[in-house]
Number of protein chains: 2
Amino acid sequence: MDETAPQKGTVTQRAIEQIKAMIGEGRLEPGQRLPTERDLAVQLGISRSSMREAIRALTVLGVLEARHGSGIYVTQLEAGDLLETFGVVADLSRGPRLVELLEVRRILESTATALAAARITPDQLAEVEKHLTAMNATEDPEEILAHDLAFHREIAGAAGNETMAAILDGLSSRTFRARVWRGYQEEGAFARTRREHTAIHRALVAHDPEAARAAAAAHVGEVEQWLRAQLGA
Amino acid sequence: MDETAPQKGTVTQRAIEQIKAMIGEGRLEPGQRLPTERDLAVQLGISRSSMREAIRALTVLGVLEARHGSGIYVTQLEAGDLLETFGVVADLSRGPRLVELLEVRRILESTATALAAARITPDQLAEVEKHLTAMNATEDPEEILAHDLAFHREIAGAAGNETMAAILDGLSSRTFRARVWRGYQEEGAFARTRREHTAIHRALVAHDPEAARAAAAAHVGEVEQWLRAQLGA
DNA sequence: TCCGCCATAGTGGTCTGACCACCTGGCCGG
DNA sequence: CCGGCCAGGTGGTCAGACCACTATGGCGGA
């Protein structure tokens, strides 16, 4: 009856591809609910175990979402859903790879900040200021880090490219930054960070893209150079 | 007995986190072989089915690699291994998200090309030329696309940032580009593409970063603008 | 002695069927 | 009419069996 699968790879892998294809071809819309695991297994002619592995795989990729007791749904397939796995990359990278990731972040962050300088709205600017002042008002590293992240996320959002913002979010994932900061803050980098953030903010207020680009690049580049030196030592 | 897991999330999710943690803490080195599925399941106190789901999840993320009949191994955790999932993102993105991805690619590709202009070696330059001439010597879209990909990949590699090269590779994944090209090539874009590639190559030969950046940005931007227009229509 | 074949043990891959935990919606009683 | 209860359906987990493949080491022949 079914001559769709001419035997290639594992059945699970095949199931993953088939579901991905269904979504790619539009047979499954974002947010739509899929048949039950049991039905899907029958449809593709495989066991429920294999089908579950396929579903689990697509779940960690941010393509599907399983709700216990309710069903399996296609995510909205937005940038945030799919790029969440980017954080894993950042978390598992070490040594020279960390420097490379920071270099990528520097390139994207500087461009995003430049775009934001041109496009940011008063409301968004107010939000940025909120995190800036909150960050300056505390000495708790945890809180500083949180506002630091929010500061940059808000700016990336103002750049108007959700995909880029999602990537930057992954590149700044909590554990990633925490790992770098642990050693970085020892050299009293808080003050410098605050100065750099102020410079970025000033460029945003002035709607000066080039100044914003330079300030952001310098900000990330500072950490990048420090990390590079650490590895060379 | 075991107070490691105080009940949070599904057992599979917990297993995923635990294995990730083992790698993050260095208890599992890249390339190292893991215990068997059966042993791992016993160690973490879960069933083999759940353990298999966890392994499958980490497999699609490029963290683990399962070899039938041999065992499960940690990948080298290099950029290419972990960023393969980036291709999935590109394949499943549609509409405005495609434009955003192209914008990200434009930013990274232009910078990568600029870096390459400064650092490229004669050998690498020869390789680039090979793909350029091969691309000009055929009319088969399939082959042109293949050499087009290789052309950019070689340049990205010459930039000296493996991570960036891997991301660009994902952003240029076969199905992604094929989808865009299907409509794009109708307007006789082959000639324009060749011209643009020639301009990029010329900048590389001259070791002129700024010219390279401009040429690469224009090259990607061309497609980006076309796609933007398509969506607006 | 050495090489090559092959039996075998061990591994991941798949299947089955059962049970549990949770959500949902409808029914029933207030 | 409303609220709580309950049953059916769903994903989550488990157990055990068998299959497909790989690697290893021993055996036989050259």
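Atom set for the values below is all heavy atoms of this structure, side chains included, hydrogens, waters and symmetry mates excluded. Convention: sequence-line order gives letters A, B, ...; per-chain numbering from 1. What you are looking at is a predicted structure, and each value in this text was computed from that prediction instead of being measured.
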[X] [atom1] to [N] [atom2], straight-line distance once rounded to whole Å:
| X | N | atom1 | atom2 | result |
| --- | --- | --- | --- | --- |
| Arg48(B) | dT14(C) | CZ | C1' | 9 Å |
| Arg14(B) | dG12(D) | CZ | P | 14 Å |
| Leu44(B) | dT13(D) | CG | P | 13 Å |
| Leu40(B) | dT11(C) | CG | C1' | 13 Å |
| Glu65(A) | dC22(C) | CD | C1' | 15 Å |
| Arg38(A) | dC20(C) | CZ | P | 14 Å |
| Leu58(A) | dG11(D) | CG | C1' | 16 Å |
| Glu53(A) | dG12(D) | CD | C1' | 14 Å |

* Asked: Does the ring centre of His219(B) sit less than 6.0 Å away from the ring centre of His152(B)?
  ->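 For His152(B) and His219(B), the ring centres are under 6.0 Å apart.
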* Asked: Taking the six-membered ring for Trp, is the centroid-to-centroid distance between Trp181(B) and Phe190(B) below 6.0 Å?
  ->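 Yes, ring centres under 6.0 Å apart.
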* Asked: Under 4.0 angstrom, heavy atoms only, what part of the nucleic acid is Ile46(B) near: base, sugar-phosphate, or nothing?
  ->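 Answer is sugar-phosphate: Ile46(B) comes under 4.0 Å of backbone atoms only.
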* To do: Mind checking Ser49(B) for me? I need base, sugar-phosphate or nothing, with any heavy atom below 4.0 Å counting as a touch.
  =>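 Base contact - Ser49(B) has a heavy atom under 4.0 Å of at least one base atom.
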Taking only side-chain N and O atoms of [X], does any of them lie within less than 4.0 angstrom of OP1 or OP2 on [N]?
| X | N | result |
| --- | --- | --- |
| Ser50(B) | dC14(D) | yes |
| Arg67(B) | dT11(C) | no |
| Thr12(A) | dT14(C) | yes |
| Arg56(A) | dT13(D) | yes |
| Ser70(B) | dG10(C) | no |

* **Residue pair Ile23(B) / Leu64(B): nearest heavy atoms and the distance that separates them** =>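 Heavy atoms of Ile23(B) and Leu64(B) come nearest at CD1-CD2, 4.4 Å.
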* To do: Would you confirm whether Gln43(B), through its side chain, and Leu40(B), through its main-chain N or O, come within 3.5 Å as a donor-acceptor pair?
  =>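 Side chain of Gln43(B) to backbone of Leu40(B), a donor-acceptor pair under 3.5 Å: no, none is there.
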* Tell me which of Thr36(B) and Gln13(A) sits closer to the 5' end of DNA chain C, going by the nucleotide each one is nearest to. =>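 Checking each residue's closest nucleotide, the 5'-ward one belongs to Thr36(B).
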* Between Gly69(A) and Leu34(B), who's closer to the 5' end of DNA chain C by nearest nucleotide? ->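 Checking each residue's closest nucleotide, the 5'-ward one belongs to Leu34(B).
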Proximity to the side chain of [X] - top-ranked nucleotide from [options]:
| X | options | answer |
| --- | --- | --- |
| Glu37(A) | dT14(C), dC14(D), dG11(D) | dG11(D) |
| His68(B) | dT11(C), dC22(C), dT14(C) | dT11(C) |
| Ser47(B) | dT10(D), dT13(D), dG11(D) | dT13(D) |

* To do: Would you kindly compare Gly71(A) and Arg52(A) by the position of their nearest DNA chain D nucleotide and give the one closer to the 5′ end?
  =>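 Result of the comparison: Gly71(A).
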* Cationic N near anionic O, under 4.0 Å, Arg97(B) to Glu100(B) ->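 Result for this pair is no, no salt bridge flagged.
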* Does any donor atom in the side chain of Ser173(B) or Asp91(B) lie under 3.5 Å from an acceptor atom in the other side chain? ->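 Present: a donor and an acceptor within the cut-off.
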